[in-house]
Amino acid sequence: MPLYRRPNGIDLPFASEITPQEIFESRRSFIRQIAVGAVGAGSLLELTTGDAFAQAGSGQKLAAKANPAYVVMDQATPYKDAITYNNFYEFGTEKSDPAENAGSLKTRPWTIAIEGEVKKPMTLDIDSLLKLAPLEERIYRLRCVEGWSMVIPWIGYSLSELIKKVEPTGNAKYVEFTTLADNRQMPGLRSPVLEWPYVEGLRMDEAMHPLALLTVGMYGQVLPNQSGAPVRMVLPWKYGFKSAKSIVKIRFVKDQPRTAWNITAAREYGFYSNVNPDVDHPRWSQATERRIGEDGFFTKKRKTLMFNGYNEVAPLYRGMDLKKYF
Ligand SMILES: Nc1nc2c(c(=O)[nH]1)N[C@H]1C(S)=C(S)[C@@H](COP(=O)(O)O)O[C@H]1N2
Ligand SMILES: [Mo]
C-alpha cells in the first residue's frame, strides 16, 4: 500500500496530506508482510519491526509545500521500503542494520557548524536550521552506486539558501560535509570499513545548484534516524553516497576535500560520482538499475539515465571528460 501514488506527476500532494492513519496502516501491512515472510523468527522479528518504526513513529509531522518544479513521473517508493533498506555504515553494513540500530542516535540537541572560507561563520541548532528558509517537498530519484534506486518525497530547501547566508569568500572553491562519528551512538564505527567520520564534498557551483537539497524530512515527517536525521544532503544527480547523512559540519575550503569512499577506493569512487550509465563501476555495469519496491522475479530492470535524468546539471560539467572525472 504505497503512501504516494502519482502516475502522472501532476496531482501534487502537500506533505500534510499524509495522515498518521496512513502511516499506521503502512506499519500494519508491513508487520503483516514480515510476519508472513518470517514465521518463527520470534523475538528477533519483534525487535526489527519495533525498532524500525520507533524511528519513524517518533518522527513528528513536518509541514512543507510541494514544489511543482521538482517532481518525477515515477511512483514514489513505499515508505516502509525507504526506511528499512538503507546504507548508513555508522550503524552497520547490512541494508537492515540502520533501521535496527539507529534508535541510539540522539538527534536533539543537534548543532551544525558552518565554517571555513566564509564571512559569517555560524553554528546553528536544528530549530534555527529548520527556520532558515521555507521548507519544500520535492520528489527526487536517488540512485545508489550499487545499482538500486528509490523515489522519495523529501523535505528541505536548497543548500544555496544557507550558503548565501554565510557569504563565502573568494577562496571558497569546495564545500566539505562532515557527519557525526560518535562511538557511543554508532555501533558501526567499530568496523574499519571506512575512515570515520564520513566526509563528502562538492564543488562550489554544484553546491549552489538549486537541486542540491539540504534535507530535514521525508514523507511528511522529520527524517527517521536511519535516513540521516536530523539533517542530510540529497543530491539526486549523483550516486547516493555523495548524499551525506547526519551532518554536523559544513566547511568551505580552497582545495578539493578528501571524501570517505574516495579514500577507501579511489579507482571505484571518484570525487564527482555523477550518475552515468556510460561509465561502469570497475566491478559492475551502471547501465541499469533495480527500483526498490517494484522488484520481483519478472520485473525488468530500468535503464539508468545520464545524471539520473537531471539534465539541468549538464552545464556544470561542460568541457569535462566525464570518463576521467567520474
Ligand atoms: N553518514 C553517512 N551518510 C551516507 C551513507 C553512510 O554510510 N554514512 N551512505 C550513503 C549511501 S551509499 C547511500 S545510497 C545513501 C542512502 O540513503 P537512504 O538510506 O536515504 O536511501 O546515503 C548515503 N549517505
Ligand atoms: Mo549508495
Side-chain angles (χ1 to χ4, degrees), residues 52 55-56 59 76-102 105 107 110 112 138-156 176-182 185-189 191-202 212-219 221-250 259-265 268-270 273-275 281 283-284 286 289-293 304 308:
Q55 311 338 312
T77 301
Y79 179 64
K80 65 177 182 345
D81 292 316
I83 63 163
T84 53
Y85 190 93
N86 304 99
N87 276 337
F88 197 167
Y89 278 18
E90 288 85 334
F91 295 102
T93 54
E94 296 295 319
K95 295 288 178 279
S96 55
D97 283 343
E100 288 174 27
N101 300 331
L105 179 65
T107 58
W110 189 280
I112 174 163
R138 299 187 186 179
I139 304 168
Y140 280 169
R141 283 184 291 270
L142 189 68
R143 167 64 155 79
C144 176
V145 74
E146 296 165 336
W148 49 270
S149 61
M150 296 196 191
V151 177
I152 295 185
W154 301 107
I155 297 172
E176 178 188 79
F177 304 90
T178 304
T179 74
L180 185 72
D182 181 349
Q185 305 185 57
M186 300 173 137
L189 298 184
S191 154
V193 59
L194 291 172
E195 194 175 283
W196 311 111
Y198 192 101
V199 173
E200 257 309 331
L202 293 172
L213 191 69
L214 190 73
T215 304
V216 292
M218 60 194 257
Y219 298 86
Q221 297 184 52
V222 301
L223 283 174
N225 290 353
Q226 60 266 45
S227 304
V231 55
R232 66 174 295 172
M233 285 304 301
V234 180
L235 304 158
W237 73 98
K238 291 179 177 287
Y239 289 119
F241 70 85
K242 297 293 294 179
S243 296
K245 293 176 166 181
S246 305
I247 297 170
V248 291
K249 187 161 67 181
I250 300 180
T259 56
W261 279 101
N262 188 251
I263 291 167
T264 301
E268 303 189 10
Y269 310 104
S273 280
N274 294 316
V275 174
H281 185 279
R283 293 184 280 130
W284 59 82
Q286 292 292 28
E289 66 199 57
R290 186 168 64 86
R291 182 63 54 79
I292 299 301
T304 288
N308 204 20

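Remember, it's 1-based here, ligands and their atoms both numbered in the order they're listed.
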Restricting to non-hydrogen atoms, name the atom on [X] and the atom on [Y] that form the minimum distance, rounded to 0.1 Å.
X: Phe91; Y: Pro98; result: CB-CA, 3.9 Å
X: Tyr219; Y: Ala82; result: OH-CB, 3.4 Å
X: Ala102; Y: Gln226; result: CB-N, 3.8 Å

How far is [atom] from the closest protein heavy atom, and which atom is that?
atom: atom 24 (N) of ligand 1; value: Ser243 O, 2.8 Å
atom: atom 1 (N) of ligand 1; value: Glu90 OE2, 2.9 Å
atom: atom 6 (C) of ligand 1; value: Tyr198 CE1, 3.4 Å
atom: atom 18 (P) of ligand 1; value: Lys245 NZ, 3.5 Å
atom: atom 15 (C) of ligand 1; value: Gly240 O, 3.6 Å
atom: atom 20 (O) of ligand 1; value: Arg232 NH1, 2.6 Å

Fill in: Tyr269 ring center within less than 6.0 Å of Phe241 ring center
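Aromatic pair counts; centres sit under 6.0 Å.
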Fill in: Test of ring centre spacing under 6.0 Å for Trp148 and Tyr85
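Yes.
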At less than 4.0 angstrom from any non-hydrogen atom of [X], what atoms of ligand 1 do you find?
X: Cys144; value: 14 (S)
X: Thr179; value: 1 (N)
X: Asn86; value: 18 (P), 19 (O)
X: Phe88; value: 1 (N), 2 (C), 6 (C), 7 (O), 8 (N)

Does the N or O separation between [X] and ligand 1 drop below 3.5 Å for any pair?
X: Tyr85; answer: no
X: Tyr89; answer: yes
X: Asn87; answer: yes

Practice prompt. Could you tell me whether a side-chain N or O of Thr178 sits under 3.5 Å from a main-chain N or O of Val199, the two making a donor and an acceptor?
Written response: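 The answer is no, because no donor-acceptor pair under 3.5 Å joins these two groups.
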Discussion item. I'd like to know if the side chain of Lys242 and the backbone of Gly201 have a donor-acceptor N/O pair within less than 3.5 Å.
Written reply: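 Yes, the answer is positive, given that a donor and an acceptor are paired below the 3.5 Å cut-off.
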Practice prompt. Under 4.0 Å, heavy atoms only, figure out whether ligand 1 is touched by the backbone of Glu146, its side chain, both or neither.
Written response: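 The answer is neither.
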Practice prompt. Over 60° means perpendicular and under 30° means parallel, so classify the ring planes of Trp284 and His281, tilted if in between.
Written response: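 Plane angle under 30°, so parallel.
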Non-hydrogen atoms of [X] versus ligand 1: any pair closer than 4.0 Å?
X: Trp154; answer: yes
X: Met218; answer: no
X: Ser246; answer: no

Discussion item. Looking only at side-chain N and O atoms, does Lys95 offer a donor or acceptor that is under 3.5 Å from a partner on Asn86?
Written reply: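 Side-chain D/A pair, Asn86 to Lys95: absent.
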Discussion item. Closer than 4.0 angstrom, basic N to acidic O: yes or no for Glu289 and Arg141?
Written reply: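 Looking at Arg141 together with Glu289, the answer is no, because their closest N to O distance does not fall below 4.0 Å.
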Worksheet item: side-chain contact (heavy atoms from CB on, under 4.5 Å) with Ser243: which of Leu142, Leu213, Asn87, Thr215?
Response: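 When Leu142, Leu213, Asn87, Thr215 are each tested with Ser243, the side-chain contact (heavy atoms from CB on, under 4.5 Å) holds only for Leu142.
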